[in-house]
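What follows is a single structure, written as structure tokens, with notes after it.
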Amino acid sequence: MAGLELLSDQGYRLDGRKATELRKVQARTSVFAQADGSAYLEQGNTKALAVVYGPHETRGSRSKSLHDRAVINCQFSMATFSTAERKRRPHGDRKSSEMSLHLKQTFEAAVLTELYPRSQIDIYVKILQADGGNYSACVNAATLALVDAGIPMRDYVCACTAGFVEDTPLADLCHAEESGGGTSLALALLPRSGNIALLQMDARLHQDHLDALIEAAMTACKGLSKVLDDVVRQHLEEVSVLTRD
Amino acid sequence: MAAVQVSEAEKVYIMHGVRDDLRLDGRGCEDYRHMEIETDVVSNTDGSAKISLGHTDVLVGVKAEIGKPRAMVPDEGYLEFFVDCSANATPEFEGRGGEELGVELSNTLYKVFNNRHSVDLRSLCICPGENCWVLYVDVLLLQCDGNLFDAISIAIKAALFNTRIPKVHISEDEEGVKEIELSDDPYDCMRLNVENVPCIVTLCKVGHRHVVDATLQEKACSVASLLISVTHRGTVTCVRKMGGGSLDPESIFEMTEAGKRVGKALHAPLMELLQKEESLGKKRQKVGFLG
């Protein structure tokens, strides 16, 4: 690893976390009034905003609609000021198109689309500040937004990244760790069934380590699912107090 | 923009209300909706602000980069504007849907803010003819409920107030090659003077009267609107007629006067709020979207 020591001899990472420790996750649902569902999520310094519209009639050409289930339409974008170096375009580049596609795949696995034939569900996510783990922050925020919109799902979708440094799997990488050149694995999990909705790893890793890495990411996802569940429950409590007669 | 459907009966109701100086949400004709402003919300930027005005939500980030000054004005820096009409605001903005509105907004902002009467562009100059600071002002629309211009301009003023540009030291070696060195100390920075930065006041002509801070329903009832940018002294720096209908000269005069009055009254509490927030320093509880 060049320059930076990602894991100290004492077992601490750059930001002082232990190997399996997650960053602080804070979230809130129903941030916007006009959308059907919305959520804001902070995972450390990564900040994501998700908005859900639908289910509604398919927009544009009718040929896109499916006769037996709903179409999930995702758009990922990043605010131009979200990264250290200013981005020229918020969306439409190769990376964000790929991210949109991944989100679509993830949520097709989780949303009960067959309940809404010939309709469309829009999920728009925006990264306001990027500090590693953009995909996972987006998935977690979008899950909360879908719950807020009242769209039936098999389970929460929780996503987390994991890296591998000096034979130790690290959970929830920050930007410095992600760009350090090591392995990074993104995983989206349906925690109750333990099914994996998306798994992606672009770097080289010995096969023997893969199981340990996936295991670390899954544990992190399960931890996240508790946090997301708490956010939803707390929001419901607040709302039910407000609407009580 | 999110389209609203307003029936004939609703239109009559709104117009009669405006005639009697009582609007749908109980406001008078020259009242703004509830406004919330917070600065320093995105730490990746040099300055940022978030505003919510009714259900209109805008986030502005300012990033300073070193660039080359324009040939016409070698001793001035400049501002660049970009308005991102994100799909978060309304599904119509998906893909390239929001581009047209974005360009319209950013061009107007450019005309209003990028001149030496609004911002001290000279202070952005590093080395005349060679280097200057370019302030990239990126506006993000998160939710649209009418009166975008006013909300954006207030957010920009707040973000510029919050902007901290690192100080630079220029050193020259024997061959005369200049080298720019940025200060490492985050507190060794330059602030912008935002005293003369104008705010935009949009007045919508509804029936025979005009209203400030129109909601989407009210906008649907109006034929045309007038955009006026006003400084804290009440000086008008830009006037623009927007919308499809036409206005007679007399009402334009009336609207300008009202805009001056409202705009002048807008600056004082805004600056007071920004100064108060600043004085709290690190003690300030950051709310952002979590509040």
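Remember, predicted model here, so these are calculated numbers, not experimental data. Quick note on labels: first sequence line is chain A, next is B, and so on, each numbered from 1.
- Looking at B:Ser52, neither its backbone nor its side chain comes within 4.5 Å of chain A, counting heavy atoms on both sides.
- B:Leu142 and A:Phe32 make their closest contact through CB-CZ, 3.7 Å (heavy atoms, listed as atom of the first residue, atom of the second, distance).
- The side-chain heavy atoms of A:Lys126 and B:Asp84, taken from C-beta on, include a pair separated by under 4.5 Å.
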* For A:Arg59 and B:Glu94, run side-chain contact (heavy atoms from CB on, under 4.5 Å): C-alpha distance rounded to whole Å, both residues' side-chain angles, the deciding distance at 0.1 Å, then the answer. => CA-CA 11 Å; A:Arg59 243 193 336 273; B:Glu94 200 190 332; 3.5 Å; yes
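- Of the listed residues (A:Asp122, A:Val31, A:Val125, A:Thr83), the greatest number of heavy-atom pairs within a distance under 4.5 Å of chain B belongs to A:Thr83.
- B:Leu140 has its side chain within reach of A:Leu128: a pair of non-hydrogen atoms, C-beta onward, lies under 4.5 Å apart.
- Proximity to chain A involves both the backbone and the side chain of B:Asp138, based on heavy atoms less than 4.5 angstrom apart.
- Only the side chain of A:Asn73 has a heavy atom closer than 4.5 Å to any heavy atom of chain B.
- Within a 6.0 Å radius of CD in A:Gln200, other residues, nucleotides and ligands contribute more than 12 heavy atoms.
- Heavy-atom minimum distance, B:Gln143 versus A:Ala33: OE1-N, 3.0 Å.
- Heavy-atom neighbours of A:His235 NE2 from other residues, nucleotides or ligands within 6.0 Å: above the threshold of 12.
- A distance-only check finds a donor-acceptor pair linking the side chain of A:Gln75 to the backbone of B:Gly95 [under 3.5 Å].
- Counting heavy-atom neighbours within 6.0 Å of B:Tyr13 OH, excluding the residue itself, gives a total of 12 or less.
- The environment of A:Asp68 atom CG is dense: over 12 non-hydrogen atoms of other residues, nucleotides or ligands sit within 6.0 angstrom.
- Salt bridge B:Lys63/A:Glu85: absent, no basic N to carboxylate O contact under 4.0 Å.
- Closest heavy-atom contact between B:Phe289 and A:Arg28: O-NH1, 2.9 Å.
- Of all heavy-atom pairs spanning A:Thr80 and B:Phe82, the tightest one is CG2-CE2, 3.8 Å.
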* To do: Give the intermediate values and the outcome of side-chain contact (heavy atoms from CB on, under 4.5 Å) for residues B:Val41 and A:Gln129.
  => CA-CA 10 Å; B:Val41 278; A:Gln129 191 172 319; over 6 Å; no
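- With rounding to the nearest 0.5 angstrom, the CG atom of A:Leu49 is 9.0 Å from the CG atom of B:Asp57.
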* List the steps, then state whether side-chain contact (heavy atoms from CB on, under 4.5 Å) holds for A:Phe81 with B:Leu59. => CA-CA 11 Å; A:Phe81 49 74; B:Leu59 183 66; 3.8 Å; yes
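- Distance CD1/A:Ile127 to CG/B:Asn44: 11.0 Å, rounded to 0.5 Å.
- Other residues, nucleotides and ligands place no more than 12 heavy atoms under 6.0 Å from the CD atom of B:Glu181.
- Taking OH of B:Tyr136 as the start and NZ of A:Lys87 as the end, the distance is 15.0 Å to the nearest 0.5 Å.
- Nearest approach of B:Ala89 to A:Gln34, heavy atoms of both residues: O-OE1, 4.3 Å.
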